[in-house]
Every structure is written in C-alpha cells, then in structure tokens.
Amino acid sequence: MPGIHREGLMFKWSSKNYEIIIGFKRVEHNICSKCGKRIPSGNTICNDCFEKEKEISKK
C-alpha cells in the first residue's frame, strides 16, 4: 500500500518497489567504567580503555 506513515519522528515512504525511512531515533548510551566517556549501550568499557587493558595483560 503506497503512502507515507509516521511513527514519532520517523517517516516512512512506501511505494510498490521501494521504502524510504527518514527521521530521528533515540539511541541509548552507557558510560565507560574506566574513563567516563559515552559509549554505545551494551558495552561497559570504551575501545581506548580496552586496548590499554589488552596491552597490560600481554606483558
């Protein structure tokens, strides 16, 4: 069914063969347990701190 659909701040245009989705979606973030930097949700430590810990554990 062609048309425009709206869900919050997301707009979806549909046609017979294509679908276009444009808008804003809220993304949850966590804070790194070592340095306090914002990181994607699901992680507890940022990539920089992870690399530092990995170097320390190699030694």
inquiry  = So, applying side-chain contact (heavy atoms from CB on, under 4.5 Å) with Asn43, which one of Ser41, Pro40, Cys46 is it?
reply    = Pro40
query = When you measure from the side chain of Arg6 to the backbone N and O of Gly8, does any donor-acceptor pair fall under 3.5 Å?
reply = yes
task = Mark yes or no for whether Asn30, through its side chain, and Thr44, through its backbone, hold a donor-acceptor pair below 3.5 Å.
result = no
inquiry  = Side chains of Glu53 and Ile45, heavy atoms from C-beta outward: is any pair under 4.5 Å?
reply    = yes
task = Could I get the full list of salt bridge (Lys or Arg N to Asp or Glu O under 4.0 Å) partners for Lys12, not counting sequence neighbours?
result = none
ask   = When rounded to the nearest 0.5 angstrom, what distance separates CD in Glu19 from CD1 in Ile21?
value = 4.5 Å
task = Drop me the distance from Cys32's SG to Lys37's NZ, to the nearest 0.5 angstrom.
result = 7.5 Å
message = Applying side chain to side chain contact (heavy atoms under 4.5 Å, CB included) to Ile22 and Trp13, what does each step give before you reach the verdict?
response = CA-CA 9 Å; Ile22 298 176; Trp13 286 269; 3.8 Å; yes
query = Is it the case that one hydrophobic cluster holds both Phe11 and Ile20, taking links as side-chain heavy atoms less than 4.5 Å apart, direct or via other members?
reply = yes
